[in-house]
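Here's the structure we're looking at; comments come further down.
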Amino acid sequence: MNKIGFACKWIDRPDQVNGIKASDDCKKYNTGTTTVAWLSRQTKKTAEAKLLSIVKQNLEATRKLVQKVGTLNESLRMVRISSDLLPVYTHPDWNYFYQQSDVLGLLERNFNTIGHIARDRGIRLSFHPGQFCVLASDRPDVVENSIAEFEYHADMARWMGYGKTFQDMKINVHISGKLGTAGFRAVYNRLSDVAKNCITIENEENTYGLDECLDIADLCPIVLDIHHHYIKTGEYISSDDPRIEKVISSWRGVIPVFHYSVSREDILSNHDINDKPDLILLLESGLNKQKLRAHSDFMWNNAVNDWALSHLSWGDCMVEAKGKNLASFKLFEYWKRFDV
DNA sequence: GAGGGTCAAGTCCGT
DNA sequence: ACGGACTTGACCCTC
């Protein structure tokens with residue numbers, strides 16, 4: 001039975017898509033952060049105390065989140081861990097903080113525990129470095145920063161006991177960058193073994209789509225984002241499409257992951273929930289791709305859900321929605337609605 | 001607590 | 001040129 005997962009955050013109520021308040025109980029499952037500007041305004045001692053406090057809380061929150069996910073139905077045991085876990089880890093002024101032996105010890109112990117829980121409970125974990133990780137940039141300084149950013153995630157994977165074998169955990173990025181697949185290929189060779197075992201690439205809505213990803217499927221697995229593909233091409237790709245065979249091969253026997261999101265419900269508020277939106281018609285009606293890219297709170301369209309769920313035949317589904325775990329739960333209920 | 005200004009970093013699209 | 005979208009709006013400060 002394949003899985004339906006969610007990304008980075010746990011919420012208890014739908015209204016929390018608009019932000020989690022300090023007094024909300026679900027705060028304990030979610031990471032916090034600070035800013036470089038604030039840290040730089042403090043004394044070194046104050047800044048370090050703040051960082052240590054945030055790191056401890058974030059490790060605790062992530063452990064609780066993973067434990068919580070471990071209590072769900074097996075088909076829901078899949079979660080992306082927030083990149084905010086260790087704030088300013090790759091910032092030149094602050095990365096020294098994480099190289100101190102006492103901090104390092106703290107990280108190793110806590111991540112080790114999280115990794116054990118995940119393996120024990122059959123939880124599929126992943127990371128998704130943010131938009132600043134542009135491995136194929138044409139700017140050398142950006143490439144260097146991006147490698148550091150990627151290796152930050154690889155460090156966390158390694159501390160959790162992952163990165164030992166091909167795709168025991170995924171760290172997913174876009175190709176991005178003007179150097180495209182050639183640039184990506186060149187940078188790939190500079191990554192650590194853990195990073196190489198974990199890296200996957202995801203098709204984008206604008207520049208690098210499924211075809212470009214397939215060009216480097218020999219290097220690393222492809223995470224097919226079926227909504228990105230729809231926004232780029234207008235196509236609701238079928239689960240028996242020959243390109244999907246190639247995506248599956250890129251995972252070399254590991255169950256692939258695909259991403260599923262849908263256009264915002266308030267953009268398409270008049271749309272029939274039992275009818276898949278036609279991209280051409282939407283564009284003709286005056287909507288633009290940028291608006292259609294934005295993620296919904298929930299997976300509100302039954303017809304689109306039916307299509308997305310058909311892809312569970314070959315992969316695990318990562319739901320990208322503002323409604324987070326609540327959105328993945330509702331989709332799961334929809335999926336299981338005919339079961340006794 | 002609420003509200004407004006601020007926040008490390010890249011890239012693209014639409015206006 | 002600038003705002004908004006993406007990974008994931010949250011944090012910080014003032015009232």
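Quick note on labels: first sequence line is chain A, next is B, and so on, each numbered from 1. Owing to the predicted nature of the structure, the values given are computational and were not obtained by experimental measurement.
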When rounded to the nearest 0.5 angstrom, what is the spacing between CG in A:Leu86 and OG1 in A:Thr62? 8.5 Å
Closest nucleotide among [options] to the [X] side chain:
X: A:Arg139; options: C:dT7, B:dA8, B:dG10; value: B:dG10
X: A:Lys9; options: B:dT15, C:dT7, C:dA10; value: C:dA10
X: A:Lys178; options: C:dT7, B:dA8, B:dC12; value: B:dC12
X: A:Thr207; options: C:dA5, B:dC12, C:dT8; value: B:dC12

Could you work out the separation of C:dC2 and B:dT6 based on their P atoms and round it to a whole Å? 15 Å
With rounding to the closest Å, how many angstrom separate the C1' atoms on C:dG4 and C:dG9? 13 Å
Polar pairs (N or O, both sides) under 3.5 Å between protein and nucleotides 11-15 of chain C?
from   : atom 1 : to      : atom 2 : distance (Å)
C:dC11 : OP1    : A:Thr33 : N      : 3.3
C:dC12 : OP1    : A:Thr34 : OG1    : 2.5
C:dC13 : OP1    : A:Trp38 : NE1    : 3.3
C:dC13 : OP2    : A:Trp38 : NE1    : 3.1

Per-pair stack call A:Phe132 and B:dG10, 5.5 Å, 30°: no
Could you check whether any side-chain N or O of A:His227 sits under 3.5 Å from a backbone N or O of A:Tyr260, counting only pairs where one atom can act as donor and the other as acceptor? no
Keeping A:Ser146 on the side-chain end and A:Val142 on the backbone end, is there a donor-acceptor pair under 3.5 Å? yes
Once you apply a heavy-atom cut-off of 4.0 Å, does [X] come out as touching a base, just sugar-phosphate, or nothing?
X: A:Ala22; answer: nothing
X: A:Glu149; answer: base
X: A:Thr90; answer: base

Salt-bridged, [X] to [Y], with N to O below 4.0 Å?
X: A:Lys21; Y: A:Asp24; result: no
X: A:Arg63; Y: A:Glu60; result: yes
X: A:Glu320; Y: A:Arg80; result: yes
X: A:Arg243; Y: A:Asp215; result: no

Is the distance from OP1 or OP2 of [N] to the nearest side-chain N or O of [X] less than 4.0 Å?
X: A:Ser146; N: B:dG10; answer: no
X: A:Lys322; N: C:dC6; answer: yes
X: A:His174; N: C:dT7; answer: yes
X: A:Asn288; N: B:dT15; answer: yes
X: A:Arg293; N: B:dC13; answer: no
X: A:His228; N: C:dT7; answer: yes

Can A:Thr90 and A:Glu149 be said to form a side chain to side chain donor-acceptor pair (under 3.5 Å), step by step? CA-CA 6 Å; A:Thr90 59; A:Glu149 183 68 12; 3.0 Å; yes
Kindly write out the residues that satisfy side-chain hydrogen bond (donor to acceptor under 3.5 Å, both in side chains) with A:Lys246, not counting sequence neighbours, or none if the list is empty. none
Donor/acceptor link under 3.5 angstrom from A:Gln290 side chain onto base of C:dG4: yes
Ignoring hydrogens and geometry beyond distance, is the side chain of A:Gln131 in donor-acceptor contact with the base of B:dT11 at under 3.5 Å? no
Both atom distances under 3.5 Å, Watson-Crick or G-U wobble: I'd like the secondary structure of DNA chain C as a dot-bracket string, with | for pairs made across strands. ||||||..|||||||
Take atom NZ of A:Lys291 as the centre, draw a 6.0 Å sphere, and report whether it contains more than 12 heavy atoms from other residues, nucleotides or ligands. no
